[in-house]
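Computed from a predicted model, the values in this text were never measured in an experiment. Just so it is clear: chains get the letters A, B, ... in the order the sequence lines come, proteins before strands, and each one is counted from 1.
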2 protein chains.
Amino acid sequence: MPKLSEVVRSGKLVGNLMAKECPSRTILKHVTGRWAVLTLIALQDRTIRFSALRRLIGGVSDRMLTQTLQTLEADGFVHRKVYDVVPPHVEYSLTPMGDEVAQHVRVLADWIEDNTQKIADHQEAKAPA
Amino acid sequence: MPKLSEVVRSGKLVGNLMAKECPSRTILKHVTGRWAVLTLIALQDRTIRFSALRRLIGGVSDRMLTQTLQTLEADGFVHRKVYDVVPPHVEYSLTPMGDEVAQHVRVLADWIEDNTQKIADHQEAKAPA
DNA sequence: TTGCAAAAAGTAAGTACTGACATAAATGTT
DNA sequence: AACATTTATGTCAGTACTTACTTTTTGCAA
C-alpha cells in the first residue's frame with residue numbers, strides 16, 4: 001500500500017525514483033551515463049563490431065566503452081555475440097528491450113541537439129561582456 | 001555540407017552528438033546528471049521552495065541541489081524567484097523550455113520505473129547462486 | 001541573550017569516474 | 001623470427017563528483 005505522497009497527479013506511482021534507495025535509480029544511472037546515451041543511440045538499428053563502435057563514438061576510450069557495454073549487457077539492453085577466433089571478433093546489437101530505451105533516449109538527445117543553439121544563446125545573454 | 005557519415009536513416013543530422021567536441025554533449029550532461037533528472041521531474045507543474053524540493057528528492061544534499069539548480073538555471077531550464085526577506089525565501093519552477101526537456105526526461109524515467117523489475121530479473125538470471 | 005528560521009557560499013576530505021599505457025592470445029604476413 | 005591484428009583486462013595516476021561541516025543574514029520566540 002503506497003503512501004499518498006508517492007502518488008502523483010497522473011495517478012501513477014512515482015515514489016520510486018524520488019525515494020532514496022530505489023533500484024530504478026541504478027538503472028537510470030546506467031542509461032543516462034555519459035557514454036551509455038551515445039552507445040545506445042549508436043547501436044540503434046545496427047549490429048557493429050567493437051572497434052567500429054569506438055570510432056563511431058568520438059572521444060571514448062577502450063576502457064570506457066568496454067565498461068559501458070558490459071553494464072548495458074548486464075541490464076539486458078545490449079546483446080554481445082562472440083566469434084571464437086583470433087584475433088577476436090565481437091559484435092554488438094540492441095536487445096528488444098534495449099531498443100525501447102534507445103528510442104526514448106534518442107528523442108531526448110534529438111531535442112537537445114535541436115535546442116543547443118537556443119540554450120547557448122540564453123547562456124550568453126546572462127553573461128555579457 | 002555534412003559528411004554522409006553524419007546523416008542518419010531519418011534524414012536527420014546526428015553527427016553532432018557523436019562528434020568529440022560538440023556543445024550538445026555539455027547540455028546532455030547537464031540534463032542527464034544524477035540529480036538533474038530528478039530535479040526536472042520534481043519541478044514539473046509546480047513552483048516550490050528550495051527546502052521543500054530537497055525533502056522531495058530523497059538523498060540530495062544542499063550542496064548538490066544548489067549546484068544542480070544553478071546549472072539548470074544557467075541553461076534556461078529553471079526559473080528562480082527570490083523574495084528579499086530574512087530568512088531567505090526562494091521559489092523554483094520550470095521555464096517553458098525546461099518544461100519541454102522535463103517531459104522527455106519524464107517519459108524515459110517512467111519507462112525505467114515500469115521496467116525495473118524486468119531488468120532486475122534479467123540480471124539475476126545471469127548470476128544464479 | 002541565546003537560538004532558530006531558510007538559502008546559499010565556502011572549505012576540506014573522501015569517493016568515484018576517466019583515460020593512458022602495458023599485456024595477452026593464435027594466426028597470417030614480411 | 002619478428003610483427004600486426006582485435007577485444008578485452010589490469011594498473012595507476014589524474015580529474016571530477018559528493019558529502020559533511022561551518023558561516024552569514026535579521027527578526028522573533030523562549
Side-chain angles (χ1 to χ4, degrees), chain A residues 17-22 25-39 42-43 46-75 78-93 126, chain B residues 17-22 25-39 42-43 46-75 78-93 126:
Chain A
L17 264 179
M18 292 305 166
K20 198 168 179 180
E21 321 92 2
C22 177
R25 283 203 182 170
T26 306
I27 309 299
L28 183 68
K29 204 172 187 178
H30 294 171
V31 171
T32 60
R34 179 172 178 186
W35 300 117
V37 173
L38 300 177
T39 300
L43 284 179
R46 78 176 69 157
T47 292
I48 186 177
R49 295 184 67 169
F50 182 87
S51 50
L53 191 54
R54 190 188 48 206
R55 277 189 297 273
L56 197 60
I57 304 175
V60 227
S61 61
D62 288 8
R63 194 79 168 63
M64 281 301 101
L65 185 53
T66 297
Q67 197 173 299
T68 300
L69 285 168
Q70 285 174 347
T71 301
L72 292 177
E73 191 196 357
D75 286 344
V78 162
H79 177 248
R80 181 168 180 268
K81 181 168 187 182
V82 181
Y83 295 85
D84 194 16
V85 295
V86 172
H89 182 139
V90 182
E91 287 179 353
Y92 290 91
S93 58
K126 289 290 176 178
Chain B
L17 263 179
M18 292 305 166
K20 198 170 178 179
E21 321 92 3
C22 177
R25 283 202 184 173
T26 305
I27 309 300
L28 183 68
K29 205 173 186 175
H30 294 173
V31 171
T32 61
R34 181 173 177 188
W35 301 115
V37 173
L38 300 178
T39 300
L43 283 179
R46 78 175 70 154
T47 293
I48 187 176
R49 296 185 68 170
F50 181 88
S51 50
L53 191 54
R54 191 189 48 207
R55 277 189 295 274
L56 197 58
I57 303 175
V60 228
S61 61
D62 288 7
R63 196 78 169 67
M64 281 302 100
L65 186 54
T66 297
Q67 196 172 300
T68 300
L69 285 167
Q70 286 176 346
T71 301
L72 292 177
E73 190 196 358
D75 286 345
V78 162
H79 178 249
R80 180 168 181 267
K81 180 167 187 182
V82 181
Y83 295 86
D84 194 16
V85 296
V86 172
H89 182 140
V90 182
E91 288 178 353
Y92 292 91
S93 58
K126 288 289 178 179

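Put simply, B:Arg49 has a side-chain N or O that comes within less than 4.0 Å of OP1 or OP2 on C:dA7. Taking side-chain N and O atoms only, B:Ser51 has a distance below 4.0 Å to OP1 or OP2 of C:dA7. Taking 4.0 angstrom as the limit, A:Tyr92 places a side-chain polar atom (N or O) nearer than this to OP1 or OP2 of D:dA8.
Summarising the geometry, the separation between CG on A:Asp84 and P on D:dT6 is reported as 17 Å, rounded to the nearest angstrom. Distance A:Leu38 CG to C:dT18 P: 12 Å, rounded to the nearest Å. Rounded to an integer number of Å, the gap from CZ of A:Arg54 to C1' of D:dA8 is 11 Å. The NE2 atom of B:His30 sits 13 Å away from the P atom of D:dA16 (whole-angstrom rounding). Per the geometry, CZ belonging to B:Arg80 stands 16 Å off P belonging to C:dA6, to the nearest Å. Taking atom NE2 on B:His89 and atom C1' on C:dA5, their separation rounds to 13 Å, with Å as the unit. One atom, CG of B:Leu65, and another, P of D:dA20, lie 14 Å apart when rounded to the nearest Å. Per the geometry, CD1 belonging to A:Ile48 stands 10 Å off P belonging to D:dT7, to the nearest Å.
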(message) With side chain to side chain contact (heavy atoms under 4.5 Å, CB included) as the criterion, how do A:His79 and A:Thr47 come out once you've worked through the C-alpha distance, each side chain's angles and the decisive distance to 0.1 Å?
(response) CA-CA 9 Å; A:His79 177 248; A:Thr47 292; over 6 Å; no
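Nearest nucleotide to the B:Val86 side chain, out of C:dT11, C:dG19, D:dT26: D:dT26. Taking only side-chain atoms of B:Met64, from C-beta outward, the nucleotide of D:dT7, D:dT18, C:dT18 with the closest atom is D:dT18. Among the nucleotides C:dT18, D:dT7, D:dT19, the one closest to the side chain of A:Arg34 is C:dT18. Taking every side-chain heavy atom of B:Thr66 into account, C:dA8 is the closest of D:dT19, C:dA8, D:dT9. If you check C:dA20, D:dA8, D:dT19 against the side chain of A:Asp62, the one that comes closest is D:dA8. Which of C:dA8, D:dT18, C:dG10 sits closest to the side chain of B:Phe50 comes down to C:dA8.
Between A:Pro87 and A:Lys29, it is A:Lys29 whose nearest contact on DNA chain C lies nearer the 5' terminus. Where B:Val82 and A:Gln67 each meet DNA chain C at their nearest nucleotide, the meeting point lying more 5' is that of B:Val82. Comparing B:Pro88 and A:Glu91 along DNA chain D, the residue whose closest nucleotide (by nearest heavy atom) sits nearer the 5' end is A:Glu91.
Expressed to the nearest 0.5 Å, how far NZ of A:Lys81 lies from NE2 of A:His89 amounts to 9.0 Å. Rounding to the nearest 0.5 angstrom, the gap separating the CD1 atom in B:Ile48 from the CG atom in B:Leu53 is 5.0 Å.
Of the candidates A:Leu72, A:Thr71, A:Leu56, A:Thr39 forms a side chain to side chain contact (heavy atoms under 4.5 Å, CB included) with just one, namely A:Leu72.
Listed for the B:Arg25 side chain is a donor-acceptor partner under 3.5 Å among the backbone atoms of B:Met18. Here the side chain of A:Arg54 pairs no donor or acceptor atom with the backbone of A:Gly59 at under 3.5 angstrom.
Among the heavy atoms of the strands lying under 4.0 Å from A:Gln70 are primed sugar atoms or P, OP1, OP2 only; no base atom is included.
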